[in-house]
Amino acid sequence: MNKLSIIILREFTTRVVKKSFILMTVLMPFFFAALVFVPMWLGQINDDEQQKIVVIDPTNHYFQCLESNEQYLFVRADRMDPAYKSDTTDVAAVLQITDDLVLNPKAITLASRKEVQLNMIQYIEGSLESQIRKDKLEKYNIPDLDKITEDLESSFTIPTVKWNAEGEESFSSSDIAMAVGFLFTFLIYMFVMSYGCMVMSSVMEEKTNRIMEIMVSSVKPFQLMMGKIIGVALVGLVQMLIWGVMLAGIIFGAAYFLGGDAVTDAAMANQQMEAMNQMAAAGSVDPAAAVAAAGGENAEIINALLGLPYAELAIMFFLMFIGGYLLYASFFAAVGASVNSQEDSSQFMMPVVILMVFGMYAAMGSVGNTDGPLAFWSSLFPLTSPIVMMVRIPFGVPLWQELLSVGLLFASALGMVWIAAKIYRVGILMYGKKLTIKEMWKWLKYN
């Protein structure tokens with residue numbers, strides 16, 4: 001076994017046997033699931049105590065449209081009572097309406113001893129808006145106003161379908177594509193930063209303990225640097241593989257406990273969609289009718305999930321992770337070998353962190369237009385492409401753009417490895433001297 005393999009094996013084994021690695025690997029998928037679903041679940045739980053809201057409405061027109069529910073109890077009053085403002089009152093808020101809101105929209109206030117909750121404001125506004133809209137329409141003396149109002153308030157959504165290479169249709173959802181893209185984008189950002197910083201910490205620890213002086217006597221600095229980078233990368237790949245298997249199990253388990261109706265609906269919807277595709281090819285059915293006849297909302301969601309390019313996502317995720325990791329980890333290794341303490345590394349880490357944060361903002365700004373200039377150039381620029389490209393793939397990216405992005409990323413990563421190796425071999429044995437950009441430039445010129 002050559003020296004590089006020994007270093008890789010050492011870096012890999014010393015990390016995977018740690019209790020912290022085992023605990024994080026096992027618990028992180030459950031943490032991610034809890035991070036997503038628990039806030040949503042808790043946000044839907046209302047306070048058991050019903051909040052009393054006093055309504056002072058001299059117009060005698062708006063109180064009847066404020067319906068009490070399990071969360072809010074609306075009580076009518078003729079005037080403001082000083083007791084409503086006391087510390088011992090059971091009144092959560094006082095709603096005062098002093099005039100016709102159609103003529104004077106500002107003739108209303110909602111007062112409370114503390115900041116009024118957003119849910120309360122939204123509920124009251126929603127109840128009053130319907131009445132105000134009805135009052136405005138009544139001024140036009142339109143016959144059958146109730147039927148017209150009910151018809152106007154009906155919702156309208158556009159179902160979307162996606163064509164494959166054979167021209168067949170399948171359900172699609174931009175919201176689901178956006179969510180999946182952001183998931184992979186976040187994973188790239190998190191993995192590149194965490195594993196890259198792990199390389200830097202390992203180098204700095206060995207340099208501080210002076211172990212590096214012994215190691216470089218028998219191993220070339222380049223072998224030592226690449227051994228650390230590759231070893232940590234293998235740790236990351238193993239951890240991601242375990243997480244992927246566990247997350248798949250959690251998702252399938254959740255689908256099982258939720259019941260099989262949605263899965264059955266999805267299967268039926270697939271069969272109906274295939275039949276409609278055949279009829280559409282024969283010219284006997286409208287594609288819009290095919291979507292409408294294909295199933296319910298659950299079936300559409302499942303089919304939209306199944307219609308995403310998971311093979312393409314997996315391949316690009318792997319390539320972007322490897323390329324992005326090599327690019328940033330080599331830089332982190334060079335910085336770790338050049339500085340003498342964690343504080344000294346901050347000035348060199350800040351530009352990298354800013355670039356990665358910009359990549360996240362570029363990804364968020366590109367989701368509404370994944371073919372726009374920001375998305376296109378950010379997905380080609382090597383320092384941001386690992387993050388931005390992943391949010392574009394669920395929406396469809398031409399093959400030449402993916403190949404160009406990967407090519408530029410790996411070319412930049414190899415260039416960064418070469419630069420980092422020249423800095424690493426000098427900085428690894430440099431102690432006590434304050435690192436500057438000018439000093440690092442000198443190291444690059446050494447043969």
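By convention here, the first residue in the shown sequence is residue 1. Side chains included, hydrogens not; waters and symmetry mates left out as well; all remaining heavy atoms used.
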[X] [atom1] to [Y] [atom2] distance, which is reported to the nearest 0.5 Å:
X	Y	atom1	atom2	value
Tyr361	Ser366	OH	OG	14.0 Å
Ile322	Leu409	CD1	CG	10.5 Å
Phe321	Ile188	CZ	CD1	7.0 Å
Ile108	Ile124	CD1	CD1	7.5 Å
Gln51	Asn69	CD	CG	10.0 Å
Leu66	Gln131	CG	CD	9.5 Å

Return yes when atom CD of Gln117 has more than 12 non-hydrogen atoms of other residues, nucleotides or ligands closer than 6.0 Å, and no otherwise. no
If you count the non-hydrogen atoms of other residues, nucleotides and ligands that lie under 6.0 Å from CE in Met350, is the total more than 12? no
How close do [X] and [Y] get, counting heavy atoms only, and between which atoms?
X	Y	answer
Leu110	Ile121	CD2-CG1, 4.2 Å
Lys228	Ile7	N-CG2, 4.0 Å
Glu11	Val235	O-CG2, 4.3 Å
Thr13	Val17	O-CG2, 3.0 Å
Trp243	Met190	CZ3-CE, 4.3 Å
Ile229	Ala333	CD1-CB, 4.5 Å

Taking C-beta and beyond as the side chain, do [X] and [Y] meet within less than 4.5 Å on heavy atoms?
X	Y	result
Pro394	Leu313	yes
Met364	Thr185	no
Phe332	Met198	no
Met200	Phe331	no
Gln122	Asn119	yes
Leu237	Phe318	yes
Leu234	Ile8	yes
Phe358	Val353	no

Expected output: side-chain [X] to main-chain [Y] donor-acceptor under 3.5 Å:
X	Y	answer
Tyr328	Leu383	yes
Thr370	Phe395	no
Ser112	Ala92	yes

Does Ile393 form a side chain to side chain contact (heavy atoms under 4.5 Å, CB included) with Glu402? I'd like the steps, not just the answer. CA-CA 9 Å; Ile393 292 176; Glu402 294 180 351; 4.1 Å; yes
Sequence neighbours excluded - side-chain hydrogen bond (donor to acceptor under 3.5 Å, both in side chains) pairs with any residue from residues 373-387: Ser379-Arg392
Intermediate values then yes/no, side chain to side chain contact (heavy atoms under 4.5 Å, CB included), Asp87 and Arg113: CA-CA 8 Å; Asp87 295 336; Arg113 286 188 54 83; 2.4 Å; yes
For side chain to side chain contact (heavy atoms under 4.5 Å, CB included), just list the numbers for Phe12 and Ile230, CA-CA rounded to whole Å, side-chain angles, deciding distance to a tenth of an Å, and then say yes or no. CA-CA 9 Å; Phe12 179 80; Ile230 296 173; over 6 Å; no
Can Gln239 and Tyr195 be counted as having a side-chain donor-acceptor contact under 3.5 angstrom? yes
Apply the test ring-ring contact (aromatic ring centres under 6.0 Å, His included) to residues Tyr72 and Tyr123: give CA-CA distance (whole Å), side-chain angles for both, the deciding distance (0.1 Å), then the verdict. CA-CA 9 Å; Tyr72 304 116; Tyr123 182 79; 5.6 Å; yes
Applying side chain to side chain contact (heavy atoms under 4.5 Å, CB included) to Tyr189 and Val357, what does each step give before you reach the verdict? CA-CA 9 Å; Tyr189 174 83; Val357 171; 3.9 Å; yes
